[in-house]
2 protein chains.
Amino acid sequence: MTDHLPFQSPCYCAELRKAARRVSLIYDARLRASGLRTSQFSLLAEIARDRPAPPTMNELSNYLVMDRSTLGHNLRPLLRKGLVVLQPDANDARTRRVLLTAKGTVKLKATKKLWLKAQQEYEKALGEGAAVSLRNTLYKLCSSKLLKR
Amino acid sequence: MTDHLPFQSPCYCAELRKAARRVSLIYDARLRASGLRTSQFSLLAEIARDRPAPPTMNELSNYLVMDRSTLGHNLRPLLRKGLVVLQPDANDARTRRVLLTAKGTVKLKATKKLWLKAQQEYEKALGEGAAVSLRNTLYKLCSSKLLKR
DNA sequence: CTTATATACGGGCATATGCCCCTATATATC
DNA sequence: GATATATAGGGGCATATGCCCGTATATAAG
């Protein structure tokens with residue numbers, strides 16, 4: 001009855017944030033059984049991604065388009081749960097590398113099944129072509145030099 | 001040197017959140033002089049939008065695709081700054097309507113100038129056509145019934 | 001070698017986001 | 001009118017996000 005459609009704001013940023021909130025709800029709901037939120041799942045997945053060496057915090061924050069201190073905060077629950085560990089770098093005492101534990105690897109793998117359901121649900125709502133196309137556009141947006149400062 | 005491009009995650013949600021973080025940085029930077037963040041500016045703008053009656057908190061949260069309690073939290077700094085006030089509804093004692101104060105109206109108007117610069121910067125980076133097209137896609141995403149639960 | 005500068009990260013702060021549960025009020029059922 | 005159900009919001013909690021500033025370490029300049 002009093003169910004209101006969201007108004008399309010002229011602000012590009014506002015629409016982006018609204019969409020992020022909406023979509024995060026879906027993914028968080030589907031991941032709930034795992035005890036991980038979307039953000040935590042993405043973080044684990046990025047840490048686990050194939051690389052020559054485990055990522056430093058600085059590298060991770062760049063890959064994730066995330067402030068370094070935000071990354072630090074977001075790692076805390078994962079550290080507490082024993083899913084990741086920090087390891088001082090051998091060559092640079094300032095640097096800490098982030099590693100998945102065995103427990104973290106297992107949790108990540110198990111949660112991927114739930115994540116896939118969310119992905120499929122999203123794809124179904126938008127159509128696969130549109131979904132992939134939107135993801136590409138968003139990636140370009142993140143990489144755009146013009147938007148960096 | 002160690003400047004890393006973000007990796008395109010297969011996760012639609014992760015890319016959406018990354019883009020939201022990146023773009024929010026730009027808008028927040030441009031709005032900084034106003035003392036408002038993007039989120040607060042959007043909130044004020046939504047409150048000020050032309051409507052038959054000032055919005056209730058419930059309505060506002062629907063328009064903004066935002067949890068009711070999130071809206072409550074986000075209103076707090078604006079209340080403290082005297083930019084908005086809550087007004088009990090005459091017909092329903094449960095309901096509170098959100099109104100801009102005179103101070104809020106002035107602040108909103110002044111901040112729109114800064115916001116416009118951010119908009120233009122964003123448009124320049126993406127191209128106006130692509131920017132508008134993306135915004136339309138994101139709006140559809142928010143409105144999609146399939147994604148609601 | 002000493003000093004200046006740059007980089008990596010943490011601590012403290014404020015806001016942003018959403019969940020669960022609770023209370024108050026309104027509406028529907030009987 | 002009494003009771004059941006639905007709705008509007010708030011309180012408390014945990015995480016998410018980024019800023020500023022400080023400390024430790026590394027690298028560059030002299």
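It should be emphasised that the depicted structure is a prediction, and the values quoted were computed from it without experimental measurement. To find a chain, count down the sequence lines: A is the first, B the second, and so on, and within it residues start at 1.
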Has the side chain of B/Ser69 got a donor or acceptor atom sitting under 3.5 Å from an opposite partner on the base of D/dG10?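 Such a pair does not exist between side chain and base.
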Given atom [atom1] of [X] and atom [atom2] of [N], what is their separation to the nearest angstrom?
X       : N      : atom1 : atom2 : value
B/His73 : C/dG18 : NE2   : C1'   : 9 Å
A/Asn74 : C/dT15 : CG    : P     : 19 Å
A/Leu75 : D/dT15 : CG    : P     : 13 Å
A/Arg30 : C/dC19 : CZ    : P     : 12 Å
B/Asp67 : D/dA8  : CG    : C1'   : 13 Å
A/Leu64 : D/dT15 : CG    : P     : 18 Å
B/Tyr27 : C/dA16 : OH    : C1'   : 19 Å
B/Asn91 : C/dA26 : CG    : P     : 10 Å

Pair up each side-chain donor or acceptor in residues 40-48 of chain B with any protein partner under 3.5 Å, not counting sequence neighbours, and list the distances.
unit_1  : atom_1 : unit_2  : atom_2 : d
B/Gln40 : OE1    : B/Arg37 : N      : 3.0
B/Ser42 : OG     : B/Thr38 : O      : 3.0
B/Glu46 : OE2    : B/Arg49 : NE     : 3.1
B/Glu46 : OE2    : B/Arg49 : NH2    : 2.8
B/Glu46 : OE2    : B/Arg51 : NH1    : 3.3

Return the nearest nucleotide to the side chain of A/Arg32; candidates are D/dT15, C/dC19, C/dG12.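 Of D/dT15, C/dC19, C/dG12, C/dC19 is nearest to the side chain of A/Arg32.
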Kindly point out which of D/dA16, C/dC9, D/dC13 is positioned nearest to the side chain of A/Met57?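 Looking only at side-chain atoms, A/Met57 lies closest to C/dC9.
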Tell me whether the side-chain N/O atoms of [X] come closer than 4.0 Å to OP1 or OP2 in [N].
X       : N      : answer
B/Thr70 : C/dA16 : no
B/Arg37 : C/dT15 : no
B/Arg76 : C/dA14 : no
B/Asn58 : D/dT7  : no
B/Arg80 : C/dT15 : yes
B/Ser39 : C/dT17 : yes

Is it true that A/Lys18 and A/Glu15 make a salt bridge, defined as a side-chain N closer than 4.0 Å to a carboxylate O?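 A salt bridge links A/Lys18 with A/Glu15.
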Which residue, A/Arg21 or A/Gly72, contacts DNA chain C at a nucleotide closer to its 5' end, judged by nearest heavy atom?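 Its nearest nucleotide being more 5', the pick is A/Gly72.
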Name the residue closer to the 5' end of DNA chain C, choosing between A/Arg68 and A/Ala20 according to the nucleotide with the nearest heavy atom.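 It is A/Arg68 whose nearest nucleotide is closer to the 5' end.
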From B/Leu83 CG over to B/Leu36 CG, what is the distance, rounded to the nearest 0.5 angstrom?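 Between atom CG of B/Leu83 and atom CG of B/Leu36 there are 6.5 Å.
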Would you say A/Leu108 ends up clustered with A/Leu114 if hydrophobic residues are merged whenever their side chains have heavy atoms under 4.5 Å apart, either directly or through other cluster members?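 Same cluster: A/Leu114 reaches A/Leu108 through Ile, Leu, Val, Met, Phe, Trp or Tyr contacts under 4.5 Å.
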Over 12 foreign heavy atoms within 6.0 Å of NZ, A/Lys140: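 No, not enclosed.
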With distance as the sole criterion, is a donor-acceptor pair present between the side chains of A/Asp67 and A/Ser69 under 3.5 Å?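 Per modelled atom types, A/Asp67 and A/Ser69 side chains form a pair under 3.5 Å.
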Any chance the side chains of A/Ser39 and B/Arg17 put a donor and an acceptor closer than 3.5 Å?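 Per modelled atom types, A/Ser39 and B/Arg17 side chains form no pair under 3.5 Å.
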Compare every heavy atom of B/Tyr27 with every heavy atom of A/Cys11, then report the nearest pair and how far apart it is.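 For A/Cys11 and B/Tyr27, the tightest heavy-atom pair comes out as SG-CE2, 3.8 Å.
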Identify whether any heavy atom of B/Thr56 sits under 4.0 Å from a base atom; if not, whether one sits that close to sugar-phosphate; answer base, sugar-phosphate or nothing.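 Result for B/Thr56 = sugar-phosphate.
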Classify A/Asp92 by what it touches in the nucleic acid, base, sugar-phosphate, or nothing, heavy-atom distance under 4.0 Å.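 Sugar-phosphate contact only.
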Listed in order of residue number, which residues of residues 93-102 of chain B have a non-hydrogen atom at under 4.0 Å from DNA chain C?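 By residue number: B/Ala93, B/Arg94.
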